[in-house]
Peer 1: 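Input: one structure, supplied below.
Bear in mind the structure is a predicted one, so any value in this text is a computation, not a measurement.
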Protein chains: 2
Amino acid sequence: MAATLRDVAKLAGVSFKTVSNVINDYPHVRAATREKVERAIAELGYKPNLNARSLRSGRTDTIALAVPELNLSYFAELAGMVIAAAEESGLTVVVEQTGGDRDRELALLRSPRLSMTDGLILSPLGMGQEDADALDVLFPLVLLGERTFDWPCDHVTMRNTEAARAATEYLLASGRRRIAVIGEYEGEVMGSARLRLRGYREALAAHDVPYDASLVVRATLWHRADGARAMHELLDRDVPFDAVFGFNDTMALGAMRVLQEAGRRVPEDVAVIGFDDLDEAAYSIPSLTTVDPGREWLARTALETLLARIAEEGPKQPPQTELADFTIVERESAPRN
Amino acid sequence: MAATLRDVAKLAGVSFKTVSNVINDYPHVRAATREKVERAIAELGYKPNLNARSLRSGRTDTIALAVPELNLSYFAELAGMVIAAAEESGLTVVVEQTGGDRDRELALLRSPRLSMTDGLILSPLGMGQEDADALDVLFPLVLLGERTFDWPCDHVTMRNTEAARAATEYLLASGRRRIAVIGEYEGEVMGSARLRLRGYREALAAHDVPYDASLVVRATLWHRADGARAMHELLDRDVPFDAVFGFNDTMALGAMRVLQEAGRRVPEDVAVIGFDDLDEAAYSIPSLTTVDPGREWLARTALETLLARIAEEGPKQPPQTELADFTIVERESAPRN
DNA sequence: GGACCGGTTTGCATCGTTGTAGAATTTCGG
DNA sequence: CCGAAATTCTACAACGATGCAAACCGGTCC
């Protein structure tokens with residue numbers, strides 16, 4: 001069907017290996033020959049069969065990216081950034097959705113599908129420290145996530161605890177004292193929920209504000225609806241609060257919506273701060289003060305780290321952890337003062 | 001490095017072809033042999049090399065999905081649905097971003113990268129009727145889009161004009177008469193912008209409401225910022241209006257935000273209706289009335305259509321167009337009455 | 001007892017490419 | 001104008017799988 005090297009070779013009157021040499025910019029090809037071959041390539045519309053190339057060369061120029069769900073804006077935007085960065089390096093990206101499910105994450109790590117890729121960038125949610133062994137794999141693997149386990153592979157992550165602490169201190173500095181938290185998730189051993197909660201508690205402790213468990217609301221998937229549900233739950237508890245820290249923007253927006261329905265003014269009655277700096281955080285009513293965890297940097301660095309691993313020869317370097325810098329983006333939902 | 005058929009065969013004491021037979025569920029394999037082989041497979045942790053398989057069999061069990069940007073929630077959610085549906089069929093999905101750029105769309109159609117896939121689902125934005133030839137390709141191709149050109153390939157799309165007309169009539173029925181439109185884009189020959197504008201005009205005409213060009217605001221990329229910018233432009237024009245029809249939810253949300261900043265009450269002063277029914281439409285303040293173009297159905301049908309094309313043998317069936325049913329989702333930004 | 005017959009297993013060619021090694025050709029100093 | 005050293009090109013063997021067809025096996029039939 002499609003033209004092959006041999007078809008081109010026949011038309012150009014050279015051996016098929018010469019065509020291969022032209023395509024691969026092998027230096028010792030006479031200009032006249034090269035031109036002849038290129039004309040034949042153009043005439044037949046020849047395109048190399050990348051499967052055959054991969055089989056022979058062992059490189060696929062494809063990577064896999066696994067995120068929980070594209071439905072979550074945070075991961076959609078992150079995936080977009082990774083794909084764009086990969087495109088710049090001439091790489092193709094296979095996107096997998098794990099649903100944040102531990103079993104699916106583990107299954108993916110063992111999947112034969114990975115034989116079609118040079119490596120994997122994984123944003124794990126469900127896995128825990130007990131699964132560390134599953135991460136000790138033969139192929140290049142970079143964890144792009146918010147978790148800071150002790151893991152036997154490269155890891156690009158954000159300063160969860162510090163950022164959460166800074167966010168909480170930001171609220172404290174603006175005079176809030178009853179700060180609710182949305183997104184706690186005890187099923188998660190040491191993921192972002194735990195780390196952010198730790199930052200929150202550190203900030204409280206540093207300012208002698210007592211920790212009150214009735215201000216902490218659980219949410220697992222961190223969807224908008226989870227934020228809304230969590231806020232309903234908080235309102236039902238009927239405890240006073242003057243600020244809310246959503247562990248991601250999506251939940252913060254869902255929560256803010258419910259708050260306003262309930263007649264609470266944001267930020268006058270309740271200040272709201274999120275985490276992620278999604279595009280939409282700038283456009284909500286009121287616009288959402290949030291933490292930018294350094295997403296663009298995370299995406300690019302994850303890719304670069306993976307590429308370095310792929311290019312690596314000889315003895316494996318020890319795993320590295322890269323940390324992004326965060327910033328607090330001040331907007332209306334939580335003014336500085 | 002990784003185990004191959006031959007390694008397994010040696011361990012099991014059979015020919016490598018028998019191992020292949022076991023893997024492919026070839027029926028005439030003795031139970032004892034099968035078990036022997038399976039034990040060897042397990043012991044070595046053998047995983048088939050999918051590149052080699054694809055080279056030989058011609059099937060990759062991978063499809064490509066090209067959307068403008070994952071940054072746009074509509075496409076992110078759509079991509080998520082396609083990937084999930086593909087996963088159910090055991091397919092891997094390569095995601096490409098075109099930026100809605102004509103040249104990149106055309107380049108993708110000619111890309112050798114497609115040789116790694118069985119087919120392509122493309123959401124074109126930049127291409128026009130003059131590019132129809134580029135769509136007459138040798139590989140299975142399904143257009144998943146909002147455009148209704150006369151195109152030489154399968155096409156899964158929505159009832160743009162009817163839906164836009166219905167949205168406009170919904171606003172008219174609620175008593176609005178000065179209905180602004182955001183998202184017109186003259187650079188686009190017959191894409192969703194044009195079709196939706198047509199529906200808008202049909203509705204106006206049917207109700208004897210004059211068409212007023214000063215109520216039509218242009219926007220190209222349909223991002224949130226474009227909606228915001230468009231609304232600023234509209235406000236600057238200082239023409240009266242009592243409703244806004246955003247050609248997608250993202251712009252409608254951006255516009256609504258600006259409206260409210262400008263002191264207009266939604267829906268009292270201005271009703272707002274969008275198009276797409278994004279997840280977030282349910283959580284804005286006020287929640288956004290919008291058109292659900294049948295996204296889930298679109299995603300699944302695009303995949304099914306592509307799979308049918310891939311499975312097709314013999315003479316090519318003529319291209320088909322599949323149309324999704326839409327519904328209007330009533331929310332707060334534009335109550336029915 | 002040999003032909004015949006399922007069911008079972010195997011050998012070989014092949015997919016389209018790249019790597020290696022060597023053959024053919026050109027270049028050039030002497 | 002010869003011989004050596006480049007340069008240019010080609011032949012052949014992989015990569016790891018599947019498809020095809022032939023070989024094998026034990027049992028049945030005549």
Side-chain angles (χ1 to χ4, degrees), chain A residues 1-38 40-41 44-62 112-118 138-139 313, chain B residues 1-38 40-41 44-62 92 111-118 138-139 313:
Chain A
M1 195 99 203
T4 73
L5 278 186
R6 313 180 112 87
D7 300 325
V8 176
K10 190 179 294 174
L11 182 63
V14 295
S15 89
F16 79 93
K17 183 65 232 254
T18 299
V19 180
S20 170
N21 287 338
V22 169
I23 290 169
N24 293 295
D25 286 322
Y26 179 71
H28 303 302
V29 178
R30 225 180 326 164
T33 313
R34 164 162 283 130
E35 200 192 339
K36 222 171 23 176
V37 170
E38 274 166 354
I41 288 179
L44 294 177
Y46 167 78
K47 286 179 221 128
N49 180 318
L50 299 187
N51 268 305
R53 175 178 291 177
S54 298
L55 173 59
R56 181 61 240 236
S57 69
R59 296 262 325 226
T60 64
D61 288 332
T62 298
R113 288 152 82 130
L114 292 175
S115 70
M116 290 199 324
T117 68
D118 292 337
L138 295 170
F139 53 85
E313 301 189 9
Chain B
M1 197 96 204
T4 74
L5 277 187
R6 313 179 113 86
D7 300 325
V8 177
K10 189 179 295 176
L11 183 62
V14 295
S15 87
F16 79 94
K17 184 65 235 247
T18 299
V19 180
S20 169
N21 287 339
V22 169
I23 289 169
N24 294 294
D25 285 322
Y26 179 72
H28 303 303
V29 177
R30 225 183 325 165
T33 313
R34 163 161 284 129
E35 201 192 337
K36 223 173 19 178
V37 170
E38 275 165 353
I41 288 178
L44 294 177
Y46 167 79
K47 287 177 221 132
N49 179 317
L50 299 187
N51 268 305
R53 175 179 289 175
S54 298
L55 174 60
R56 183 61 241 241
S57 69
R59 295 265 321 229
T60 64
D61 288 332
T62 298
T92 303
S111 166
R113 289 151 81 130
L114 292 175
S115 68
M116 289 198 326
T117 68
D118 292 337
L138 295 171
F139 52 86
E313 301 189 8

Peer 1: Considering only side-chain heavy atoms of B/Arg56, which listed nucleotide, D/dG19, C/dG16, D/dT8, is closest?
Peer 2: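 Nearest to the side chain of B/Arg56 among the choices is D/dG19.
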
Peer 1: Distances under 3.5 Å only, N/O to N/O: pair up the protein atoms with those of nucleotides 23-27 of chain D.
Peer 2:
none

Peer 1: Please report the shortest heavy-atom distance between A/Tyr26 and A/Arg34, naming the atom on each side.
Peer 2: O-NH2, 3.4 Å

Peer 1: Grab the CD1-C1' distance between B/Ile41 and D/dA17 for me, whole Å please.
Peer 2: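 In whole Å, D/dA17 C1' and B/Ile41 CD1 are 13 Å from each other.
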
Peer 1: Verify the contact: side-chain N or O of A/Arg30 to OP1 or OP2 of D/dT8, cut-off strictly under 4.0 Å; return yes or no.
Peer 2: no

Peer 1: Report yes if at least one side-chain N or O of B/Asn24 is closer than 4.0 Å to OP1 or OP2 of D/dT18; otherwise report no.
Peer 2: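 Checking D/dT18 against B/Asn24, a side-chain N or O does come within under 4.0 Å of OP1 or OP2.
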
Peer 1: Rounded to the nearest Å, what distance is computed from the CG atom of residue A/Asp61 to the P atom of nucleotide C/dT17?
Peer 2: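 Going from A/Asp61 (CG) to C/dT17 (P), I get 15 Å.
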
Peer 1: Under the criterion side chain to side chain contact (heavy atoms under 4.5 Å, CB included), which of B/Asn21, B/Asp7, B/Val8, B/Leu5 is the partner of B/Phe16?
Peer 2: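 One option only clears the test, and that one is B/Leu5.
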
Peer 1: Specify the residues of residues 9-21 of chain B, ordered by number, for which at least one heavy atom lies under 4.0 angstrom from an atom of DNA chain D.
Peer 2: B/Phe16, B/Lys17, B/Ser20

Peer 1: Can you tell me how far C1' of D/dT18 sits from CG of B/Leu50, to the nearest Å?
Peer 2: 13 Å

Peer 1: Using atom types as modelled and distance alone, determine if a side-chain donor or acceptor of A/Thr60 lies under 3.5 Å from a backbone N or O of A/Ser54.
Peer 2: no

Peer 1: Taking all atoms of both residues into account, what is the closest heavy-atom pair of A/Tyr46 and A/Thr4, and its distance?
Peer 2: CE1-C, 3.5 Å

Peer 1: I need the minimum non-hydrogen distance between A/Asp118 and A/Gly58, along with the two atoms involved.
Peer 2: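 That closest heavy-atom pairing would be OD1-O, 4.1 Å.
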
Peer 1: CZ of B/Arg59 versus P of C/dT14: gap in Å, rounded?
Peer 2: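 Rounding to the nearest Å, CZ of B/Arg59 and P of C/dT14 are 24 Å apart.
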
Peer 1: Return no unless some side-chain N or O of A/Tyr26 is found under 4.0 Å from OP1 or OP2 of C/dT20.
Peer 2: no

Peer 1: Tell me: CG of B/Asn51 to C1' of D/dA14, nearest whole Å?
Peer 2: 16 Å

Peer 1: May I ask you to test the B/Ile23-B/Ile41 pair for a side-chain heavy-atom distance under 4.5 Å?
Peer 2: yes

Peer 1: To the nearest 0.5 angstrom, please state how far the NE2 atom of B/His28 sits from the OG1 atom of B/Thr18.
Peer 2: 13.5 Å

Peer 1: Give me the atom names and distance for the closest heavy-atom approach of A/Ala52 to B/Leu55.
Peer 2: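 Heavy atoms of A/Ala52 and B/Leu55 come nearest at CB-CD1, 3.7 Å.
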
Peer 1: Taking only N and O in the side chain of B/Thr33, is any of them less than 4.0 Å away from OP1 or OP2 of C/dT9?
Peer 2: yes

Peer 1: Taking atom P of C/dA23 as reference, at what distance in whole Å does atom NE2 of A/His28 sit?
Peer 2: 18 Å

Peer 1: What integer distance in Å separates A/Asn49:CG from C/dT14:C1'?
Peer 2: 13 Å

Peer 1: Mind listing the closest non-hydrogen atom pair of B/Pro48 and A/Ser115 along with its distance?
Peer 2: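 Shortest heavy-atom contact: O-OG, 3.6 Å.
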
Peer 1: With nearest nucleotide decided by heavy atoms, which residue, B/Val29 or B/Ala52, maps closer to the 5′ end of DNA chain C?
Peer 2: B/Val29

Peer 1: Is B/Leu50 close to B/Asp61 at the side-chain level, that is, under 4.5 Å between some pair of heavy atoms?
Peer 2: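 Heavy-atom side-chain distance check fails, nothing below 4.5 Å.
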
Peer 1: Grab the two heavy atoms, one from A/Asn51 and one from B/Met116, that are nearest each other, plus how far apart they are.
Peer 2: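 Reported closest heavy-atom pair: ND2-CA, 3.9 Å.
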
Peer 1: Is it the case that over 12 heavy atoms from other parts of the model lie below 6.0 angstrom from the NZ atom of B/Lys10?
Peer 2: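 Result for NZ/B/Lys10: open.
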
Peer 1: If we fit an axis to the first five pairs and another to the last five of the helix from C/dG1-D/dC30 to C/dG30-D/dC1, what angle do they make, to the nearest 10°?
Peer 2: 60°

Peer 1: In whole Å, what is the span from the CZ atom of B/Arg53 to the C1' atom of D/dG19?
Peer 2: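 For the pair B/Arg53 CZ and D/dG19 C1', the rounded distance is 14 Å.
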
